[in-house]
There are 2 protein chains.
Amino acid sequence: MAVESSTSERLMTTAADLFRRKGYAQATTRELADALGIRKASLYYHISNKEDLLFAISMHSLGHILEAVGTAAAAATEEERLRVLIQAHVVTSLSERDMHTVMLTELRALSPEHLATVIAERDRYEALLRDVIADDQEAGRLRTDIDAKLLTLSLLNVLNWTIFWFDPADDLTPERLGEVLAAVFIEGAIGR
Amino acid sequence: MAVESSTSERLMTTAADLFRRKGYAQATTRELADALGIRKASLYYHISNKEDLLFAISMHSLGHILEAVGTAAAAATEEERLRVLIQAHVVTSLSERDMHTVMLTELRALSPEHLATVIAERDRYEALLRDVIADDQEAGRLRTDIDAKLLTLSLLNVLNWTIFWFDPADDLTPERLGEVLAAVFIEGAIGR
DNA sequence: GTCTATATTGTGATAGAC
DNA sequence: GTCTATCACAATATAGAC
C-alpha cells in the first residue's frame, strides 16, 4: 500500500532527503537514524551498509524515470513526441526530486561495481533521448547543423540543472516549467 | 609570475582538482598533502583550515567569471551581447573548470558566513545575465511570453550542467560548445 | 616552510541481549 | 525489529622541534 510507512519503507525516502540536503558523504548514519526515530545500530537490520542505500536510491530513481518517460514518448505522435518527453521528464524527475537529485549528483560515492550498473542505466536513458532527437533530425523536424550527440547533451543541460534551483514552495509548477523548457529547447533545436 | 609553482601557489589549483574529483567532504587533507608532496601538518602553515580553502576557491572562481563575462558583454553591441556573453561564459568557466565546478557544487560545505558571501557573489553574476535578457526582451530581441526570471533560469540550465560531462580530452572545444549552446538557447529564446 | 608525534572527535559497522 | 555497548579506524587540526 502506498500509504504504509514502516521503517523499511521510509528508509529510502528519508535517506534520499538527507543525502540531497547534506550530500552523501556528509550525511551520517546517526542523522538518518534520528530522522527515522530509531538507533543507529537498528539501521543495519534493514540495510547492509550506507553505500547500498545510495545504490538502491539511484536504481529506483532511474527505473522510475525510464518507465515514465519511455511510456509517455511511446504513446505520443512523432510531431509531439519530443515535447511530451521533455514534459514527462521534468514532471517525473521533480515528483521524486530527492532520489533523482541524489542519483544525478552522488555517482562518485558508489562502489566500482555499483557505479558501472548505474552508469549503464543512465546510458540507456540518454540513448532514449538521443534516438528521439536523431529520428526528428532525419525526418526534418529538427536542425541538422548540430549533430544528435551534441543536441542531446544540450537537452541534458536544459533538463538536469533544474534540480539545483527548483523550489516546490515557489509558485512555479513542474508542469509550467516543463512547458517553458520544452519551448526554449525545441525552438532552439529547430533553429531559424 | 604565472609560471611560479611554490607550494602556496599550487595549493588552490591542487585542492580544486581534488575537490572536483572526489567531492569536498570525501577529499582528505592527507590526499591534498600527498598531491603537493608535503606532510599533512605542513598544510596548516599555508591555510587556517580546509573550509577556508573551499571559500578561497569559490571566490576566486566567481571573481574570474564576473570579470571576464562582464568585460566581454560590455564591449559587445546590443545585438551580439547575449551571444558574446554565452560564449565568454563557456570558455571562461571551462578554462578554470576545477574551481568553477567546485564553486557551483560544494556550496553546502561552506560555513554560514562564507556561504552568505558566496551566494551574494553568485547573485551578482545571475543579475548580470538577467539584466541582459530583460533588456533584450524590452528591445524586442527576445520573446516575452516567458518572463526574464524564467528565461534566465533556463539559460543557467543550458550553461551550468556542462561541468558534469565536458571532457577536455574529447575533440569538442570550449569555443565550439559555446557556439552550439548560444545557438540553441538564443534561437529558443527568440521563439517562432 | 616543513617535519614527527599526537590530541580529539566523529565515523560506519558489529555483538549480543531483549 | 530495536536496543545498549563498543570496536576499529580515519578525520581535522595542533604542539613544538628543526
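Reminder, nothing fancy here: chain letters follow the sequence lines and each chain counts from 1.
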Just list the side-chain donor-acceptor pairs under 3.5 Å for residues 152-161 of chain A, sequence neighbours left out, or say none.
{"residue": "A/Thr152", "atom": "OG1", "partner": "A/Ala148", "partner atom": "O", "Å": "2.6"}
{"residue": "A/Ser154", "atom": "OG", "partner": "A/Leu150", "partner atom": "O", "Å": "2.9"}
{"residue": "A/Asn157", "atom": "OD1", "partner": "B/Trp165", "partner atom": "NE1", "Å": "2.8"}
{"residue": "A/Asn157", "atom": "ND2", "partner": "B/Val158", "partner atom": "O", "Å": "2.6"}
{"residue": "A/Asn157", "atom": "ND2", "partner": "B/Thr162", "partner atom": "OG1", "Å": "2.8"}

Item to complete: Kindly point out which of C/dT4, D/dC3, C/dT2 is positioned nearest to the side chain of A/Ile38?
Response: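 Ranking C/dT4, D/dC3, C/dT2 by closest atom to the A/Ile38 side chain puts D/dC3 first.
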Worksheet entry | Pairing stems for DNA chain C [at least three consecutive pairs; Watson-Crick or G-U; under 3.5 angstrom] | C:1-18 with D:1-18
Practice prompt. Could you tell me whether B/Thr7 contacts a base, only the sugar-phosphate backbone, or nothing, with contacts defined as non-hydrogen atoms closer than 4.0 Å?
Written response: sugar-phosphate
Nucleotide [N], atom [atom2] - distance to [atom1] of [X] in whole Å:
| X | N | atom1 | atom2 | answer |
| --- | --- | --- | --- | --- |
| B/Ile47 | C/dT2 | CD1 | P | 13 Å |
| A/Asp52 | C/dA13 | CG | C1' | 13 Å |
| A/His46 | C/dA13 | NE2 | C1' | 15 Å |
| A/Tyr45 | C/dC18 | OH | C1' | 14 Å |
| B/Arg39 | C/dT6 | CZ | C1' | 15 Å |

Worksheet item: In this structure, are over 12 heavy atoms from other groups packed under 6.0 Å from A/Arg21 atom CZ?
Response: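 Yes.
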Discussion item. Just checking A/Arg108: does its CZ atom have more than 12 heavy atoms from other residues, nucleotides or ligands closer to it than 6.0 angstrom?
Written reply: yes
Within the sub-3.5 Å range, which N or O atoms of nucleotides 7-12 of chain C have a protein N or O partner, and how far apart are they?
{"residue": "C/dG12", "atom": "OP1", "partner": "A/Ala27", "partner atom": "O", "Å": "3.4"}
{"residue": "C/dG12", "atom": "OP1", "partner": "A/Lys50", "partner atom": "NZ", "Å": "3.0"}
{"residue": "C/dG12", "atom": "OP2", "partner": "A/Thr29", "partner atom": "N", "Å": "2.9"}
{"residue": "C/dG12", "atom": "OP2", "partner": "A/Thr29", "partner atom": "OG1", "Å": "2.8"}

Discussion item. Within the 4.5 Å heavy-atom criterion, are B/Leu181 and B/Gln87 side-chain neighbours or not?
Written reply: no
Practice prompt. Assign the ring pair B/Phe55 / B/His114 to parallel, tilted or perpendicular, where the plane angle (0 to 90°) is split at 30° and 60°.
Written response: parallel
Worksheet item: Think A/Ser42 has a side-chain N or O under 4.0 angstrom from the OP1 or OP2 of D/dG1?
Response: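 Looking at the OP1 and OP2 atoms of D/dG1, neither is under 4.0 Å from any side-chain N or O of A/Ser42.
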Item to complete: Kindly confirm or rule out a cation-pi arrangement of A/Lys50 over A/Tyr24, judged by NZ or CZ under 6.0 Å from the six-membered ring centre and within 45° of its axis?
Response: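 Yes, A/Lys50 and A/Tyr24 form such a contact.
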Discussion item. Are A/Val90 and A/Val84 linked, directly or through intermediate hydrophobic residues, by side-chain heavy-atom contacts shorter than 4.5 Å (ILVMFWY only)?
Written reply: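 They do not share one cluster, since no chain of ILVMFWY contacts under 4.5 Å joins A/Val84 to A/Val90.
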Quick one: side chains of residues 59-76 of chain B, donor-acceptor pairs under 3.5 Å with protein atoms, not counting sequence neighbours, listed by atom name and distance.
{"residue": "B/His60", "atom": "NE2", "partner": "B/Glu96", "partner atom": "OE1", "Å": "3.4"}
{"residue": "B/His60", "atom": "NE2", "partner": "B/Glu96", "partner atom": "OE2", "Å": "3.2"}
{"residue": "B/Glu67", "atom": "OE2", "partner": "B/Thr71", "partner atom": "OG1", "Å": "3.3"}
{"residue": "B/Thr71", "atom": "OG1", "partner": "B/Glu67", "partner atom": "O", "Å": "2.7"}

Worksheet entry | Any donor-acceptor N or O pair under 3.5 Å, side chains B/Glu80, B/Thr77 | no
Worksheet entry | Whether A/Arg10 side chain and A/Leu36 backbone form a donor-acceptor pair below 3.5 Å | yes
Practice prompt. Taking only heavy atoms on the protein side, list every residue of residues 14-22 of chain B lying under 4.0 Å from any atom of DNA chain D, sorted numerically.
Written response: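 Per residue number, the list is empty: none.
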Item to complete: Applying salt bridge (charged side-chain N to carboxylate O under 4.0 Å, His left out), name anything that partners B/Arg176, two or more places apart in sequence or on another chain.
Response: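 Not a single residue meets the salt bridge (charged side-chain N to carboxylate O under 4.0 Å, His left out) criterion with B/Arg176.
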